[in-house]
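A short write-up of the structure that comes next.
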Amino acid sequence: MIPLRIKVEANTDQPFVVRLRSFEADAWEQRTEQLNPFDAALEHVGPEGADYVGEAGPIRILGIDPSEVDGDVLLVNPRRGTADRLVRSSSQDNTLLVTERCDQVCLMCSQPPKKHHLDLFSYFETAALLAPEGATIGISGGEPTLFKVQLFDFLRRVLDARPDLSFHVLTNGQHFDLDDRDAMSRIDLARVVWGIPLYSRDPAVHDEIVGKAGAHEQLLENLALMCRLGAQVELRTVLMRPNSDGLPQLARFIASTLPFIRTWAIMQMENIGFGRMNWKALFHDSSQGFDVVGRSIDYVRSRGIATWMYNFPLCTVPEPYRHLAPATISDWKRAYREECGGCSLKARCGGFFEWHPANHGYSNLGAIQ
Ligand code: SF4
């Protein structure tokens, strides 16, 4: 698995953001590119680690080859001796986790909420401004809109300063209201997609899944509001036993009532956090029970709404639908199984989450020749 946190040594107490440039300082004289004040250039590599130097002072990284972190933007925590790779320059899968607080307790949550919150928006803003040209940056939590004032400011400032960047924000959609109209209107909404979960047409089923009474009603209100504000919505439905039978009914509801959404994503579960605790009760084996998925996709697509399957191993999907199942599992947590050896689809298959159980739950899976 690609490490998102690395060991560092730095001569300061306070956290700081730095971008590593793994070219020795002399080599910069040959390059046309200018060093940014947040850049640290490689000075020396030895058995004890790789030493970089920049305006923030010297920093040593340990346990990773400098070539693997060239251009990476780190949030360094000197007291802990660690740095989080907020932006990996070689990856399309950079996500900023802005809070671990949430007002829902979803049955399959992969990142169970915590009470503690640390506001890191100023560091995230610096990091985003140092991201590679054209990057799309994910925002997740917890629930990011619990801190929507800071979030909206962050999006506005970064998008204003970097016309090449865009964002994908995961939110439960519970906290938007009419008072957000001004703040939202100052954000370039053409470059923000809001990924919002809707699990069922049946309010009782949705509320049960998210662990919050009235969540369904609030969500439908807010989806209508987001439509009026001109937000781009990617509706997300994690496929589980409690909602799988109702998927075709949800599909009809989406096509008739929410035709303004940009995409609908039907998603397979992730076996971590609450998803692991509740796996046996929730996991829907779509390699057997694909019928509800196929019918739902056909219906929504026939109404002109783009519909995708996220996190589905390609061999579990009937051939006519495979082009609708992109490789969506992030590079740092993607893994393949023994069964994948020699599979002709591997290059375009997203495989499995690293932590997917060995007895994987799919009754029908294996290399496609
Ligand atoms: S065998 Fe592995 S690589 Fe091939 S389609 Fe299935 S999960 Fe993907």
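Each residue takes its place number in the sequence, starting with 1. Both ligands and their constituent atoms are indexed starting at 1 by order of listing. It should be emphasised that the depicted structure is a prediction, and the values quoted were computed from it without experimental measurement.
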Can you sort out which atoms of ligand 1 are near [X], meaning under 4.0 Å from one of its heavy atoms?
X      : answer
Lys346 : 3 (S)
Phe352 : 7 (S)
Pro313 : 7 (S)
Ala367 : 1 (S)
Gly366 : 1 (S)

Should we say atom [atom1] of [X] is surrounded by more than 12 heavy atoms from elsewhere, each under 6.0 Å from it?
X      : atom1 : value
Arg348 : CZ    : yes
Arg80  : CZ    : no
Glu354 : CD    : yes

> Is Asp179 paired with Lys148 through a side-chain N to carboxylate O contact shorter than 4.0 Å?
Replying inline: no
> On the ring face of Tyr310, is Arg236 found with NZ or CZ under 6.0 Å from the centre and within 45° of the axis?
Replying inline: no
> Does the ring of Tyr299 carry Arg295 above it, NZ/CZ under 6.0 angstrom from centre and within 45° of its axis?
Replying inline: no
> Can you tell me which residue and heavy atom of the protein come closest to atom 6 (Fe) of ligand 1, and the distance to 0.1 Å?
Replying inline: Cys315 SG, 2.3 Å
> What residue and heavy atom of the protein are closest to atom 2 (Fe) of ligand 1, and at what distance?
Replying inline: Cys340 SG, 2.3 Å
> Within the stated cut-off of 2.8 Å, is an N/O/S atom of Cys343 closer than that to atom 4 (Fe) of ligand 1?
Replying inline: yes
>> Let's go through Leu146 and His175 carefully: what are the C-alpha distance in whole Å and the side-chain angles of both, what is the deciding distance for side chain to side chain contact (heavy atoms under 4.5 Å, CB included) to 0.1 Å, and is it a yes or a no?
In response: CA-CA 7 Å; Leu146 288 178; His175 304 284; 3.5 Å; yes
>> When you measure from atom 8 (Fe) of ligand 1 to the N, O or S atoms of Cys349, does any of those distances fall below 2.8 Å?
In response: yes
